[in-house]
Amino acid sequence: MGHTATAEAGSEGLTVKEHRLDNGLRVVLSEDHLTPVAAVCLWYDVGSRHEVEGRTGLAHLFEHLMFQGSKQVSGNGHFELVQGAGGSLNGTTSWERTNYFETMPAHQLELALWLEADRMGSLLFALDQKNLDNQRDVVKNERRQRYDNVPYGTAFERIFRLAYPEGHPYRHTPIGSMEDLEAASLEDARDFFRTYYAPNNAVLSVVGDIDPEQTLAWVEKYFGSIPSYDGKPQPRDGGLPDVIGEQHREVVEEKVPARALMAAYRLPEDGTRACDAADLALAILGGGESSRLYNRLVRRDRTAVTAGFGLLRLAGSPSLAWMDVKTSGDVEVPVIEAAVDEELARFAAEGPTAEEMERAHAQLEREWLDRLGTVAGRADELCRFAVLFGDPKLALTAVDRVLDVTAEEVQEVAKARLRPDNRAVLVYEPVDDDADDEAESAATDADATTDENEESAK
């Protein structure tokens with residue numbers, strides 16, 4: 001364990017120790033002997049923002065490929081071994097990272113570490129054209145089921161294209177496009193793995209009922225011989241002005257259950273005090289059934305059936321406030337939009353009440369403590385703060401920083417950011433069912449004619 005750097009931090013009895021292997025892998029350990037389980041979490045510093053034009057979706061595609069075998073483990077063996085040992089596992093992809101995680105009975109921790117090391121070090125032995133084509137089809141079906149063929153399914157993609165300028169690294173979503181997925185070659189995939197799936201581009205956290213010395217010995221045994229890689233390019237700059245400066249708008253006519261008003265507001269980057277203030281503002285305005293927008297639109301005016309605000313925290317680019325309102329009955333979107341603007345303007349002028357601040361503080365504190373209270377949640381947060389902000393120990397004091405934000409700061413960020421010239425707006429208008437059915441029938445007839453012509457030509 002050459003050049004091992006160790007740091008400790010404590011918060012409410014929680015501890016963190018950090019080490020670094022010779023190959024650059026950062027290792028974060030946190031003991032918790034409350035239950036006999038251990039969580040393993042591995043964050044790779046690669047997400048959709050690292051992708052280049054024409055090859056979107058590779059980061060998410062690898063989330064699937066990493067479960068398709070490695071040198072020592074074939075096929076679905078990763079799932080079979082973890083679940084056979086009584087554990088659970090998964091992986092996710094975002095704009096800023098890809099993560100893989102297992103929660104195991106404590107006595108099966110070594111198995112989880114060996115599995116993660118084997119695919120980090122030897123996935124290319126199993127990555128062939130068959131596996132690539134198989135998982136490419138899986139992702140394309142996922143896209144159809146979750147995005148293309150469900151009501152409002154493409155809303156997130158559309159709003160990001162409105163909120164971020166052409167060529168911006170955060171403009172496309174992690175799922176990628178069908179065309180880019182189809183165009184990705186086996187060599188594209190292999191190059192992507194070599195570049196980003198290296199130990200010096202990852203953070204490994206292990207949390208739970210562990211012996212730190214034994215755990216560290218296993219990590220060195222299984223990960224220590226994996227070579228580092230120094231050819232990773234710097235991600236493109238995601239910086240933007242604080243305010244968009246105008247309203248970007250798109251109207252979508254689709255077969256959806258109800259009219260909808262969706263909007264994204266540009267907010268401060270994650271890891272800043274201003275971002276925490278924005279989180280509190282959104283909790284007060286749209287965080288649940290006690291929020292201002294819900295009380296105004298759903299309870300009082302009865303013009304909407306749902307109304308909410310959420311925060312998408314981004315560290316390498318401005319974060320986004322995501323508003324989603326579904327209208328009630330035949331209510332028109334301009335009625336909803338006028339009420340929303342009125343509530344946001346009133347909040348900016350008057351700020352939150354003491355009762356609202358207390359409730360929002362309690363809501364966010366509970367969310368943070370829920371995450372830190374489980375071994376899997378804490379392992380994920382330790383990786384997040386290590387990868388995005390350089391210090392895993394910041395995870396243990398995040399809730400204190402939120403509770404320290406004042407009402408004046410909440411009002412200030414709302415006044416500066418939650419305004420009409422700083423948003424991308426998406427309006428959904430339902431299409432007439434009969435007209436839509438007629439269009440589908442015409443398209444079917446055209447397809448049938450095309451098929452007949454193709455058959456005749458054969």
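Please read all numbers here as calculations on a predicted model, not as lab measurements. Heads up: numbering here begins at 1 and tracks the sequence.
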*Asks:* Looking at every heavy atom in both Ala424 and Ala163, which two are closest together, and how far apart are they?
*Replies:* CB-N, 3.8 Å
*Asks:* Quick test of your reading of the model: are Asp404 and Arg401 salt-bridged, counting only N-O distances below 4.0 Å?
*Replies:* no
*Asks:* When the ring planes of Phe385 and Phe389 are compared, do they come out parallel, tilted or perpendicular, using 30° and 60° as the limits?
*Replies:* tilted
*Asks:* Is any side-chain heavy atom of Glu31 less than 4.5 Å from a side-chain heavy atom of Leu14?
*Replies:* no
*Asks:* Do Glu116 and Tyr222 meet the criterion of a side-chain donor-acceptor pair at a distance under 3.5 Å?
*Replies:*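 No, no side-chain donor-acceptor contact under 3.5 Å.
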*Asks:* Please check: side-chain N/O of Glu18 versus main-chain N/O of Arg26, any donor-acceptor pairing under 3.5 Å?
*Replies:* no
*Asks:* Are Tyr164 and Ser317 packed together at the side-chain level, in the sense that at least one heavy-atom pair is separated by less than 4.5 angstrom?
*Replies:*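 SC-SC contact between Tyr164 and Ser317 confirmed.
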*Asks:* Under 3.5 Å, is there a donor-acceptor pair between the side chain of Arg136 and the main chain of Leu181?
*Replies:* yes
*Asks:* What's the separation between atom CG in Leu344 and atom OH in Tyr265, rounded to the nearest 0.5 Å?
*Replies:* 5.0 Å
*Asks:* CD/Glu220 to CG/Leu113 distance, rounded to the nearest 0.5 angstrom?
*Replies:* 12.5 Å
*Asks:* Roughly how far, to the nearest 0.5 Å, is CZ of Arg378 from CG of Leu396?
*Replies:*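 Result: 8.0 Å between the selected atoms.
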*Asks:* Are any side-chain N or O atoms of His50 and backbone N or O atoms of Gly47, one a donor and one an acceptor, separated by less than 3.5 Å?
*Replies:*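 Here the side-chain-to-backbone pair exists.
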*Asks:* Anything under 30° is parallel, anything over 60° is perpendicular, the rest tilted; go ahead and classify His78 against Phe67.
*Replies:* perpendicular
*Asks:* Taking Arg417's backbone N and O only, do any of them form a donor-acceptor pair with Asn422's side chain (distance below 3.5 Å, no angle check)?
*Replies:*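 Such a contact is found between Asn422 side chain and Arg417 backbone.
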*Asks:* So, for Gly176 and Thr56, which heavy atoms are closest and what is the spacing to 0.1 Å?
*Replies:* CA-OG1, 3.6 Å
*Asks:* For side-chain contact (heavy atoms from CB on, under 4.5 Å), just list the numbers for Glu110 and Lys221, CA-CA rounded to whole Å, side-chain angles, deciding distance to a tenth of an Å, and then say yes or no.
*Replies:* CA-CA 10 Å; Glu110 185 180 7; Lys221 176 181 179 180; 4.1 Å; yes
*Asks:* Please tell me if the side chains of Asp180 and Glu51 come closer than 4.5 Å, counting only heavy atoms from C-beta onward.
*Replies:* no
*Asks:* Do you see a donor-acceptor pair shorter than 3.5 Å between the side chains of Gln129 and Asp133?
*Replies:* yes
*Asks:* Return the minimal non-hydrogen interatomic distance between Thr327 and Val305, and the atom names on each side.
*Replies:*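 Nearest pair, atom of Thr327 first, then Val305: O-CG2, 4.0 Å.
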*Asks:* Test your reading of the model: is there a side-chain donor-acceptor pair from Asp45 to the backbone of Val387, 3.5 Å cut-off?
*Replies:* no
*Asks:* Between Ser290 and Arg359, which heavy-atom pair has the shortest distance, and what is it?
*Replies:*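 Heavy atoms only, the tightest pair is OG-NE, 3.4 Å.
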*Asks:* Under 4.5 Å between any side-chain heavy atoms of Val256 and Pro430, yes or no?
*Replies:*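 Of all side-chain heavy-atom pairs linking Pro430 with Val256, at least one is under 4.5 Å.
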*Asks:* I'd like to know whether Trp218 forms a side-chain contact (heavy atoms from CB on, under 4.5 Å) with Asp211, so could you lay out the CA-CA distance, the side-chain angles of the two residues, the decisive distance to 0.1 Å, and finally the verdict.
*Replies:* CA-CA 11 Å; Trp218 285 330; Asp211 177 335; over 6 Å; no
*Asks:* Should the pair Arg119 and Tyr100 be classed as cation-pi, given the thresholds of under 6.0 Å to the six-membered ring centre and 45° from the axis?
*Replies:*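 Here Arg119 passes the 6.0 Å and 45° test against Tyr100.
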*Asks:* Got a salt bridge between Asp148 and Arg143, using NZ or NE/NH1/NH2 to carboxylate O under 4.0 Å?
*Replies:*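 Counted as a salt bridge, because a side-chain N and a carboxylate O are separated by less than 4.0 Å.
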*Asks:* For Lys71 and Asp118, run salt bridge (charged side-chain N to carboxylate O under 4.0 Å, His left out): C-alpha distance rounded to whole Å, both residues' side-chain angles, the deciding distance at 0.1 Å, then the answer.
*Replies:* CA-CA 7 Å; Lys71 187 175 183 179; Asp118 194 59; over 6 Å; no
*Asks:* Measuring only between side-chain heavy atoms, which start at C-beta, is Leu382 closer than 4.5 Å to Cys41?
*Replies:*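 Leu382 does not reach Cys41 side chain to side chain.
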*Asks:* Can you tell me if CD on Glu253 sees more than 12 non-hydrogen neighbours from other groups inside 6.0 Å?
*Replies:*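 Open.
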*Asks:* Name the atoms and distances for all side-chain donor-acceptor pairs under 3.5 Å in residues 80-98, with sequence neighbours left out.
*Replies:*
residue, atom, partner, partner atom, Å
Thr92, OG1, Arg97, NH1, 3.2
Thr92, OG1, Arg97, NH2, 3.1
Thr92, OG1, Asn99, OD1, 2.4
Thr93, OG1, Glu63, OE1, 2.6
Ser94, OG, Glu96, N, 3.1
Ser94, OG, Arg97, N, 3.3
Trp95, NE1, Tyr170, O, 3.4
Trp95, NE1, His172, O, 3.1
Glu96, OE1, Ala315, N, 3.1
Glu96, OE2, Tyr170, OH, 2.6
Glu96, OE2, Ala315, N, 2.8
Glu96, OE2, Gly316, N, 2.7
Arg97, NH1, Thr92, O, 3.4
Thr98, OG1, Val46, O, 2.8

*Asks:* Hey, is the main chain of Cys275 close enough, under 3.5 Å, to the side chain of Thr272 for a donor-acceptor pair?
*Replies:* yes
*Asks:* How long is the span from the CZ atom in Arg266 to the CG atom in Leu314, to the nearest 0.5 Å?
*Replies:*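 Atom-to-atom, Arg266:CZ and Leu314:CG are 11.5 Å apart.
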*Asks:* Any non-hydrogen side-chain atom of Glu367 less than 4.5 Å from a side-chain atom of Asp370?
*Replies:* no
*Asks:* Given side chains that start at C-beta, do those of Leu418 and Leu282 come closer than 4.5 Å, heavy atoms only?
*Replies:* yes
*Asks:* Counting only heavy atoms not in Glu53, do more than 12 sit closer than 6.0 Å to its CD atom?
*Replies:* no
*Asks:* Are Arg146 and Glu142 within salt-bridge range, i.e. N to O under 4.0 Å?
*Replies:* yes
*Asks:* Under a 4.0 Å threshold between the charged nitrogen and the carboxylate oxygen, would Asp128 count as salt-bridged to Lys130?
*Replies:*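 No, Lys130 and Asp128 are not salt-bridged.
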*Asks:* Starting at CG of Asp400, measure out to CG of Leu394 and round the result to the nearest 0.5 Å.
*Replies:* 11.5 Å
*Asks:* For the residue pair Gly288 and Ser291, what are the closest heavy atoms and their distance?
*Replies:* O-OG, 2.7 Å
*Asks:* Taking the side chain as C-beta and beyond, is there a heavy-atom pair between Met262 and Trp322 under 4.5 Å?
*Replies:* yes
*Asks:* Closer than 4.0 angstrom, basic N to acidic O: yes or no for Arg384 and Glu381?
*Replies:*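 Salt bridge: yes.
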*Asks:* Are Glu409 and Leu280 close enough, and set up right, to give a side-chain contact (heavy atoms from CB on, under 4.5 Å), and what steps lead you there?
*Replies:* CA-CA 10 Å; Glu409 290 173 295; Leu280 288 162; over 6 Å; no
*Asks:* Give, for atom NZ of Lys393 and atom NZ of Lys17, the distance between the pair rounded to the nearest 0.5 Å.
*Replies:*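 The distance works out to 13.5 Å.
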*Asks:* For a quick test of reading the model, state the closest non-hydrogen atom pair linking Leu29 to Pro212 and the distance between them.
*Replies:* CD1-O, 3.8 Å
*Asks:* Test side-chain contact (heavy atoms from CB on, under 4.5 Å) on Val405 and Asp279; report intermediate values, then the result.
*Replies:* CA-CA 10 Å; Val405 174; Asp279 205 355; over 6 Å; no
